[in-house]
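Since this is a predicted model, take the numbers as computed values, not measurements. Convention: sequence-line order gives letters A, B, ...; per-chain numbering from 1.
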Amino acid sequence: MSPKKKEPKTEPKPQNTADVKIGSIKFPISEAFRFSLESIRKRFTRALITAFSVLLGIAFMVAIMTMGIILPLIDQTPPPQYQTWMAIIALLVCGVGIVNSMLMSVTERYKEIGTIKCLGATDTNVLQIFLIEALLLGVLGGVIGACAGWGATTVIYMINQPQYVDRILNTTNFVTYFTYIGEGIGIASLLSVAAAAYPAVYAARLNPAEALRYEV
Amino acid sequence: MGEAVSAVKVVDVHKIYHLKGEEVHALQGINLEIPHGEYLSVMGPSGSGKTTLFNMIGGIDRPTKGDIFIDGVDLSKIPSRAMAWLRCQKIGYIFQTFNLIPVLTARENVALPMTFLGVPKAERQQRAAELLTIVGLGDRLDHRPTELSGGQQQRVAIARALANNPAIILADEPTGNLDLNTGFAIVQLLYRLKAERGTTIICATHDLKMIDISDRVVFLRDGTVENIEKRRGLVLSAEEFEE
């Protein structure tokens, strides 16, 4: 999923300059993680909106999957095939939403990207920062969305069909429930990172000189 | 100068931009040699290529033709990762628009360049606090840029530029967005840094206060060096500046 940054073709070969020692940038992934976390924490409203779109898509998907289990238990026909497709389309819509909001976030942070590149961030560092941010948002939206989707579906059926509560809450079903929730979280993370790939590569490739010239 | 390696050496640098199919010759053969510890002012009307020259020296853009040496390292011969290191370790940037990271506090902003060199967290926190104290903001460590005045933001930016003890400080119109008094305080601060730390300072400016304290002034026009003037005789003494 993580796109590799292509080195520009004009890149000169490293050369040993005899008397001058050139070091290298050390920006471990843990620092990138911390930076992303700070960014999210300090722009929390925006982050919540992005995470919310993941949340809704995943909640819908997990709800449909859970219905596939619960409906046969309460002697009803499972949801028809087209509902799965609806869930997939819902996920695509939320993917496009993430691309959009990440692109906005990059535009908003042009100067910031230019500045950290001036201060020593490499293209890879910038890429990491944006991808980690997307991953965190995906996990956040995924966890809440998957639990909410499963919870809402189960509760609704338990209220509507109280006579089946035992069957719905039968311990053997919980393995499947947890699998679905896990799948929901996984898909949410993948989706979020995949959708952020283009904006992140775009940010990483920004020429610092141009990014700094940009007036918001 | 002499045998010692210059802080910056610019050899016949050209830069051509392509704007909507038209070629713009931003720099047309610049030659400059800046020894360590010099305070160099660069003057010129807007569009004369000051910022372009700064971008080249600062390693955030590559010249179309010509070579730039920072501390003896030829920028055209190193890969972009080494360039990032050079930007981080050798060069401190001060911008007209401050360019602090809005989500980070003053202390975190100053500590940021140190993270790229792998300085442990406790050490960079402490160093950032020391630097902020040097620029007179010891009591503003945990303020965000939006909670600081323009002059204070520029002080944070100067502290950030000093974070990795760079050999060169590149200041692109550092007083351009500040009122007279605040600008004067920033000039004093830069002058003090040059005097105390021997940092090479290259400063683009329209500000006559800054011209007066520089060792040399370079005048740019239409992408060429029009004139280089020594100002040694005119330098004000540090005491006069403390007034």
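Put simply, of A/Gly114, A/Pro28, A/Cys118, the one with the most heavy-atom pairs under 4.5 Å next to chain B is A/Cys118. Interface remark: of the candidates A/Lys42, A/Arg109, A/Glu38, A/Lys42 forms the most heavy-atom pairs closer than 4.5 Å to chain B.
The CD atom of A/Glu210 lies 10.5 Å from the CD1 atom of B/Ile60; values are rounded to the nearest 0.5 Å. Rounded to the nearest 0.5 Å, atoms CD1 (A/Ile25) and CE (B/Met83) are 12.5 Å apart. Rounding to the nearest 0.5 Å gives a distance of 5.0 Å between OG1 of A/Thr115 and CD1 of B/Ile101.
Counting non-hydrogen atoms of other residues, nucleotides and ligands closer than 6.0 Å to CG of B/Asn31 gives a total above 12. With a 6.0 Å radius and a threshold of 12 heavy atoms from other residues, nucleotides or ligands, B/Lys9 has its NZ atom at or below the threshold. Remark: B/Tyr17 OH is packed, more than 12 non-hydrogen atoms of other residues, nucleotides or ligands lying under 6.0 Å away.
Of the two parts of B/Phe98, neither the backbone nor the side chain holds a non-hydrogen atom closer than 4.5 Å to a non-hydrogen atom of chain A. Looking at B/Phe95, only its side chain comes within 4.5 Å of chain A, counting heavy atoms on both sides. For chain B, the nearby parts of A/Glu112 are the backbone and the side chain; heavy atoms of each come within less than 4.5 Å. Contacts between A/Arg41 and chain B at a heavy-atom distance below 4.5 Å are absent for every atom of the residue.
At a heavy-atom separation below 4.5 angstrom, chain A is approached by B/Leu104, B/Glu108, B/Leu112, B/Pro113, B/Thr115, B/Phe116, B/Leu117, B/Gly118, B/Lys121, B/Arg124 within residues 104-130 of chain B.
Judged by distance alone, with hydrogens and angles left aside, the side-chain atoms of B/Arg87 form a donor-acceptor pair with the main-chain N or O of A/Lys117 at under 3.5 Å.
Pairing each heavy atom of A/Leu212 with each of B/Asn99, the nearest pair is CD2-ND2, 3.1 Å. The shortest non-hydrogen separation linking A/Ala121 to B/Ala84 is O-CB, 4.3 Å. Taking all atoms of both residues into account, the shortest heavy-atom contact from B/Cys88 to A/Leu119 is SG-O, 3.2 Å. Counting all heavy atoms, side chain and backbone alike, A/Thr124 lies closest to B/Arg81 at OG1-NH1, 4.1 Å.
Put simply, the side chain of A/Arg213 does not reach to within 4.5 Å of the side chain of B/Thr51, judged on heavy atoms.
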